[in-house]
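Quick notes on the structure that follows.
Residue numbers start from 1 in every chain, and the chains themselves are labelled A, B, ... in the order their sequence lines are given, proteins ahead of strands.
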There are 2 protein chains.
Amino acid sequence: MTDTLSETFAALADPTRRAILARLAKGEATVNELAEPFDMSLPAVSKHLKVLENAKLISRSRTAQWRPCRLEADTLKTVDGWLGGYRSLWEHRLDRLEDYLATLKTEEKEEQR
Amino acid sequence: MTDTLSETFAALADPTRRAILARLAKGEATVNELAEPFDMSLPAVSKHLKVLENAKLISRSRTAQWRPCRLEADTLKTVDGWLGGYRSLWEHRLDRLEDYLATLKTEEKEEQR
DNA sequence: GCCGTACTTAGCCAGTAAGTTAATTAACCG
DNA sequence: CGGTTAATTAACTTACTGGCTAAGTACGGC
């Protein structure tokens, strides 16, 4: 699993870690703050944070004995980039739906005449 | 890892499986066709396909002894949906970059006077 | 009906992942 | 210095993953 994108996806493949990211989307937080909602030991959360950090999904600074975590959006952006290559596969269908809706609307107007 | 999104991300966390999806983005393919580019036994590929199928990233039909695989874009769409909640985090920065570039352009004009 | 092709299942093994508790490091505070 | 809080590391268990080979199933064709 050496490659970066695999590491990113693997890090995202855990509900606890995604919940941590969701929390961090609202701003920085310390390890204890992040651990609080989970029914899990602190070392377990610490491990999850290490996984997220290695995957560059978060970064950590140091303030006294606290290690505030911050979300690294750029890495999520690369996931978005990967997805981008496939986006047309479902957007085309949406386009067709929109076309269809547009058609309906036109037909409505036609009928009103 | 019971939840769907985790299963999806886990399935995507493997370069072989992502390569298979990339191939399928170009159209249906049989197991042997999909296996061909990989230096890996057929059962190994079969397992990867099972992972992708369980994650609903592909589906399989049956034509004689062939089991053509097809990409299921809807599941990728749900990944896109999840990402959507974070998109503003990097797009804001892009906006600021665009603002900055706009400023530069304006300054250029200012200088031309 | 039997052979070949396409693919899956079974059983095995090595490596990794996710959790635990206990011990350790690091920093501040009195 | 000694105690408290914050967080990590160590050591270990258990479960899953990804690969293999070998055997089994399913189908079409001669």
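Residues passing the side-chain contact (heavy atoms from CB on, under 4.5 Å) test with B:Ser41, sequence neighbours excluded: B:Pro43, B:Ala44. Residues that satisfy the side-chain contact (heavy atoms from CB on, under 4.5 Å) test with A:Leu83, not counting sequence neighbours, are A:Arg87, A:Trp90, B:Leu76, B:Val79, B:Asp80, B:Leu83. Looking at residues two or more places apart in sequence or on another chain, you find a side-chain contact (heavy atoms from CB on, under 4.5 Å) between B:Ala25 and A:Tyr86, A:Leu89, B:Leu71. Qualifying side-chain contact (heavy atoms from CB on, under 4.5 Å) partners for B:Ala19, counting only residues two or more places apart in sequence or in other chains: B:Phe38.
Within residues 48-60 of chain A, the residues that place at least one heavy atom under 4.0 Å from DNA chain D are, in residue-number order, A:Lys50, A:Arg60. The stretch residues 23-42 of chain A touches DNA chain C through A:Met40, A:Ser41, each having a heavy atom within less than 4.0 Å of the strand.
Across the protein-nucleic acid pair, B:Lys47 atom NZ and D:dT17 atom P stand 10 Å apart, rounded to whole Å. If you measure from atom CZ of A:Phe9 to atom C1' of D:dT17, you get 18 Å, rounded to the nearest angstrom. If you measure from atom CD of A:Glu7 to atom C1' of D:dT17, you get 16 Å, rounded to the nearest angstrom.
Between B:Ala55 and B:Ala11 the shortest heavy-atom distance is CB-CB, 3.7 Å. When all heavy atoms of B:Pro15 and A:Ser6 are compared, the pair lying nearest together is CD-OG, 3.1 Å. Looking at every heavy atom in both residues, B:Arg23 comes nearest to B:Ala29 through NH2-CB, 3.6 Å. Minimum interatomic distance between B:Leu49 and B:Ile20 (heavy atoms only, all atoms of both residues): CD2-CG2, 3.9 Å.
Evaluation of the side chain to side chain donor-acceptor pair (under 3.5 Å) test over residues 64-73 of chain B, restricted to residues two or more places apart or in two chains, returns B:Glu28-B:Arg70, B:Ser59-B:Arg70, B:Ser59-B:Glu72, B:Arg70-B:Glu72. Contacts classified as side chain to side chain donor-acceptor pair (under 3.5 Å) and involving residues 45-56 of chain B (residues at least two apart or in different chains) are given here: B:Arg17-B:His48, B:Glu53-B:Arg60. Under the salt bridge (charged side-chain N to carboxylate O under 4.0 Å, His left out) criterion, no residue pair touches residues 29-41 of chain A, with sequence neighbours excluded.
Under 4.0 angstrom from either OP1 or OP2 of D:dA7 there lies no side-chain N or O belonging to A:Ser46.
Here the nucleotide nearest the side chain of A:Ala44, chosen from C:dT8, D:dG18, C:dG19, is C:dG19.
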Nucleotide N/O to protein N/O under 3.5 Å, stretch nucleotides 25-30 of chain D:
none

